[in-house]
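I have placed the structure first, in the form of structure tokens, so that the comments after it can refer back to it.
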Amino acid sequence: MNSPSLSLVQSPVRSRQFIEPTSAPTVQRDFPVMSPLSGGNGMAPAMPDVNGIALRIRSLLPTLTSLEAGVVTALFKKRTIDERTLLKWVADEMRVSEAMVVKIAKKLGFSGFRAFRSALAEYNNFPTTQLHAELFANDSAGEIVQKVVQASIKALEQNLAVIEQAAIEKAAKYLSSSVLRDFYGVGGSAQVARDAAFKFLRIGVRASVFDDSQMMLMSACLLEKTDVAVAFSHSGQTAVVIDAVRQARRNGTRIIAVTNRRSSILAQESDVVLCSNVEESLITGENAAARIAQLIIVDALFLAVAQKSSGIAERNLRRTTSVVRGQRSVW
């Protein structure tokens with residue numbers, strides 16, 4: 001079997017360093033053409049389905065005050081909003097004024113409360129949302145598997161919509177030009193960090209993985225301006241990871257964050273943020289889809305780094321693939 005080939009190589013990498021009856025307007029029409037999420041061409045990303053509404057709103061939460069963000073989060077958790085829900089009822093439930101609810105809707109890019117309500121109503125009827133509410137229903141094992149798979153597929157489609165090409169390119173540049181590469185993560189994120197280090201080793205780009213708080217700090221205090229630290233944290237709020245990142249920053253080290261929260265502390269402390277932004281299940285929490293989304297980001301980053309190796313990556317990949325092939329049992 002031939003070794004895989006890597007193409008589009010460019011500049012070399014150092015191999016050793018390496019209840020209201022009125023109808024509401026459709027959601028699609030109510031999103032503005034311009035938004036804080038707009039790309040370099042000034043156009044907002046297309047939102048082809050209702051699940052994209054949740055993605056758009058979560059991405060805009062950092063633009064709201066803590067009170068406003070709390071109202072939006074509470075409305076999503078209620079999952080009782082429909083086309084007949086009155087503005088007064090929402091204001092009373094959230095213990096804010098009606099004017100505040102309208103203001104929040106407009107800050108999120110809607111023309112007013114009715115458009116915001118329509119988006120929430122459609123979202124509450126979406127299959128992924130139903131998974132959260134119905135997982136404890138009397139479903140068969142097969143039906144449960146089908147629901148989980150469908151939710152994961154939708155989550156990955158969301159992830160594709162928010163991965164920034166410029167961020168991937170910048171992170172790849174940091175990784176390919178750095179002398180030392182230290183990866184930080186705990187729990188499930190540590191597994192993603194190990195997978196990333198394994199992939200990069202295949203092309204000769206060496207990285208060290210740390211999942212212990214003290215070892216992270218010792219690693220971070222030794223990093224310099226020529227190095228890079230990659231921090232993996234789904235929440236972006238993991239204290240031991242943030243402490244290590246802050247220590248590395250004090251040395252001028254470049255920081256790459258792989259997280260699910262663009263508004264998190266980790267993201268704010270980083271030079272590059274690779275954000276998956278996958279919706280969590282209320283029951284399963286940080287589910288498999290969120291982990292898969294991070295692994296996809298790692299794969300994209302791996303290929304972006306490999307393209308900069310000018311043949312070194314392909315040669316190293318051939319060597320590492322060959323040396324482990326002998327470890328496989330032949331029956």
Side-chain angles (χ1 to χ4, degrees), residues 55 58-59 62 148 151-152 155-156 158-160 162-164 167-168 170-172 174-175 178 180-202 205-221 223 227-249 253-305:
L55 178 63
R58 287 199 307 275
S59 299
V148 172
S152 296
L156 296 179
Q158 288 185 28
N159 187 45
L160 179 63
V162 298
I163 295 178
E164 298 179 1
I168 291 287
K170 188 175 182 180
Y174 285 169
L175 283 165
S178 294
L180 296 178
R181 307 166 188 86
D182 285 357
F183 292 178
Y184 304 141
V186 298
S189 292
Q191 307 308 316
V192 180
R194 289 191 185 94
D195 181 81
F198 167 74
K199 282 187 170 66
F200 284 119
L201 182 59
R202 294 176 64 203
V205 178
R206 297 177 181 270
S208 301
V209 180
F210 300 93
D211 61 0
D212 175 84
S213 60
Q214 293 185 3
M215 293 186 70
M216 285 184 203
L217 286 174
M218 288 190 289
S219 154
C221 76
L223 294 178
D227 306 324
V228 65
V230 185
F232 296 82
S233 172
H234 178 80
S235 67
Q237 304 292 118
T238 308
V240 294
V241 174
I242 294 170
D243 288 344
V245 163
R246 286 173 171 166
Q247 177 63 56
R249 281 184 65 86
T253 305
R254 294 165 294 193
I255 309 297
I256 300 171
V258 181
T259 182
N260 198 56
R261 296 285 180 269
R262 188 171 297 279
S263 59
S264 64
I265 297 175
L266 176 60
Q268 295 169 8
E269 294 283 346
S270 301
D271 299 292
V272 183
V273 181
L274 305 179
C275 189
S276 53
N277 213 340
V278 173
E279 181 180 9
E280 295 178 2
S281 166
L282 297 178
I283 296 172
T284 59
E286 298 174 14
N287 51 27
R291 199 67 64 218
I292 292 171
Q294 289 190 345
L295 291 172
I296 289 175
I297 289 176
V298 168
D299 283 350
L301 192 56
F302 165 76
L303 291 174
V305 171

Spacing of CD belonging to Q294 relative to CD1 belonging to I296, to within rounding of 0.5 Å | 11.0 Å
Short question: side chain of D211, backbone of G185 - any donor-acceptor pair under 3.5 Å?
-> no
Measure up the Y184 and F210 rings against each other and bin them: parallel (under 30°), tilted (30 to 60°), perpendicular (over 60°).
-> tilted
Non-hydrogen side-chain atoms of L301 and V230 separated by less than 4.5 Å | no
Exam field: side chain T259 to backbone S233, donor-acceptor pair closer than 3.5 Å | yes
Is there side-chain contact between R262 and V273, with at least one heavy-atom pair below 4.5 Å?
-> yes
Calculate, to the nearest 0.5 Å, the distance between atoms CE and CG belonging to M218 and D212 respectively.
-> 7.0 Å
Under 3.5 Å, side chain of T253 to main-chain N/O of V228, donor-acceptor pair present?
-> no
Compare all side-chain heavy atoms of T238 with those of V186 and state whether any distance is below 4.5 angstrom.
-> yes
Exactly one candidate in R254, K170, R249 meets salt bridge (charged side-chain N to carboxylate O under 4.0 Å, His left out) with D271; the answer is R249
Could you check if a side-chain atom of L266 sits within less than 4.5 angstrom of a side-chain atom of Q237, using non-hydrogen atoms only?
-> no
Check whether any side-chain heavy atom of L180 lies under 4.5 Å from a side-chain heavy atom of L223, and answer yes or no.
-> yes
Taking the side chain as every heavy atom from C-beta outward, state whether I255 and E269 have any pair of such atoms under 4.5 Å apart.
-> no
What's the spacing between R194 CZ and S189 OG if we round to 0.5 Å?
-> 11.0 Å
